[in-house]
Amino acid sequence: MALFKSATREVPEIRPVPRHIAIIMDGNGRWAKKRFLPRVAGHVKGVETVREIVRACINEGVEYLTLFAFSSENWRRPAEEVGRLMQLFVSALENEVAKLTRNGVRLKVVGDLSRFDARLQELIHAAETATAENARLTLSIAANYGGRWDILQAMNQLAVTQPEKTGNWTEADLEPCLALNYAPEPDLFIRTGGEERISNFLLWQLAYTEFHFTETLWPEFDADALKAAIVSYQKRERRFGRTSEQLTGDVASAQDGTDARP
Ligand code: IPE
Ligand code: IPE
Ligand code: MG
């Protein structure tokens with residue numbers, strides 16, 4: 001039995017507060033540029049926003065928060081910026097773990113970690129272990145993550161563990177191999193910074209996620225902005241392929257959403 005319902009195989013339970021929020025934290029560089037500061041100043045300020053949004057998610061009752069921190073394509077940036085981002089990641093891991101535990105936050109880092117230097121990999125492992133028992137909020141940091149990488153690494157796992165099923169793998173076989181196999185699919189996706197694209201984030205898991213785009217740059221995103229995204233989410237009708245009548249019970253003959261395929 002899968003831990004969580006897949007939106008394509010079953011209709012998931014819908015709660016007023018999104019259980020899982022996934023965010024592309026974008027706009028740090030533009031925030032800095034507007035202030036005639038180096039881009040890294042935007043990333044430093046962005047870490048403060050992460051703290052505020054983690055707190056806000058706990059207050060709102062969100063159970064899973066997944067943040068896109070570094071994409072598999074971000075290696076294309078100038079070496080200096082990549083280096084500063086890695087330093088920031090290291091210092092956050094060194095300084096924040098105790099605070100995470102005080103707040104009941106379990107930390108996970110998802111992505112191809114093999115490309116990070118050994119020290120960073122050790123820090124990630126230590127932080128995950130130290131926070132493993134915390135149960136209030138699961139904070140996943142996507143680092144050297146790409147949605148295409150995720151699907152491919154899952155398929156490569158299947159090729160090794162279930163070679164006899166090659167040609168017949170199902171969604172149910174693949175899902176436990178995905179990097180976020182410990183979390184339900186995101187209910188709400190937020191991208192700050194005005195761009196309206198996925199940029200190779202959670203390609204598989206966003207199949208039925210509600211999208212919220214905001215012009216607000218990540219360093220200026222705050223608890224009120226998160227609340228506004230949740231309020232917008234609460235106005236959506238999540239149909240998962242069904243008709244509106246089926247949800248509201250307007251039509252006597254409307255089915256309850258059980259799959260009627262022949
Ligand atoms: C997001 O902000 C942070 C990372 C991708 C690491 P950006 O650095 O992409 O900021 P903009 O998009 O250039 O403003
Ligand atoms: C996406 O932002 C990745 C992260 C926020 C970590 P980018 O700024 O790298 O995305 P593009 O290049 O504008 O699509
Ligand atoms: Mg950007």
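Keep in mind it's a predicted model, so treat the numbers as computed, not measured. Every number for a ligand or one of its atoms is a count from 1 in the order of the listing. No hydrogens, no waters, no symmetry mates; every other heavy atom, side chains included, goes into these values.
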Inset, instruction - Please name the atom of D26, restricted to N, O or S, that is closest to the Mg ion (ligand 3). - result: OD1

Legend entry - Whether W218 and F221 hold their rings parallel, tilted or perpendicular, with breakpoints at 30° and 60°: parallel

Just to confirm my output: which protein heavy-atom neighbour is closest to [atom], and how far is it?
atom: atom 1 (C) of ligand 1; value: M25 O, 2.9 Å
atom: atom 7 (P) of ligand 2; value: R77 NH2, 3.8 Å
atom: atom 2 (O) of ligand 2; value: R191 NH2, 3.7 Å
atom: atom 14 (O) of ligand 2; value: S199 OG, 2.6 Å

Legend entry - Worked verdict on I230 versus Q234 for side-chain contact (heavy atoms from CB on, under 4.5 Å): CA-CA 6 Å; I230 293 176; Q234 288 167 338; 3.7 Å; yes

Inset, instruction - Identify the residue among W75, F201, F89 that makes a ring-ring contact (aromatic ring centres under 6.0 Å, His included) with F70. - result: W75

Sub-4.0 Å atoms of ligand 2 with respect to non-hydrogen atoms of [X]:
X: F68; result: 3 (C), 4 (C), 5 (C), 6 (C)
X: R197; result: 11 (P), 13 (O), 14 (O)
X: I24; result: 1 (C), 5 (C)

Return yes when atom [atom1] of [X] has more than 12 non-hydrogen atoms of other residues, nucleotides or ligands closer than 6.0 Å, and no otherwise.
X: R148; atom1: CZ; answer: no
X: E164; atom1: CD; answer: yes
X: E73; atom1: CD; answer: yes
X: R238; atom1: CZ; answer: yes
X: K165; atom1: NZ; answer: yes

Inset, instruction - Might you check, step by step, whether the distance between atom 9 (O) of ligand 2 and some protein heavy atom is under 4.0 Å? - result: yes

Inset, instruction - Consider ligand 2: state whether an atom of it lies below 4.0 angstrom from any non-hydrogen atom of E195. - result: no

Inset, instruction - Determine, using heavy atoms of R30 and all atoms of ligand 2, whether some pair is separated by less than 4.0 Å. - result: no

Inset, instruction - Under 4.0 Å, heavy atoms only, figure out whether ligand 2 is touched by the backbone of F70, its side chain, both or neither. - result: backbone

Legend entry - Within reach of ligand 2, part of R76 (heavy-atom separation under 4.0 Å): neither

Legend entry - R191 and S199: side chain donor to acceptor below 3.5 Å: yes

Legend entry - Side chains of T243 and R239, donor plus acceptor under 3.5 Å: no

Legend entry - Heavy-atom donor-acceptor pair, R35 side chain to W31 backbone, under 3.5 Å: yes

Legend entry - E195 N/O/S atom closer than 2.8 Å to the Mg ion (ligand 3): no

Legend entry - Close N or O approach (S71, ligand 2; < 3.5 Å): no

Inset, instruction - Decide whether an N or O pair under 3.5 Å exists between N74 and ligand 2. - result: yes

Inset, instruction - Considering the heavy atoms of A69, write down every atom of ligand 1 situated less than 4.0 Å from one of them. - result: 6 (C)

Inset, instruction - Mark the output for G193 as yes if a heavy-atom distance to ligand 1 is under 4.0 Å, and as no if none is. - result: no

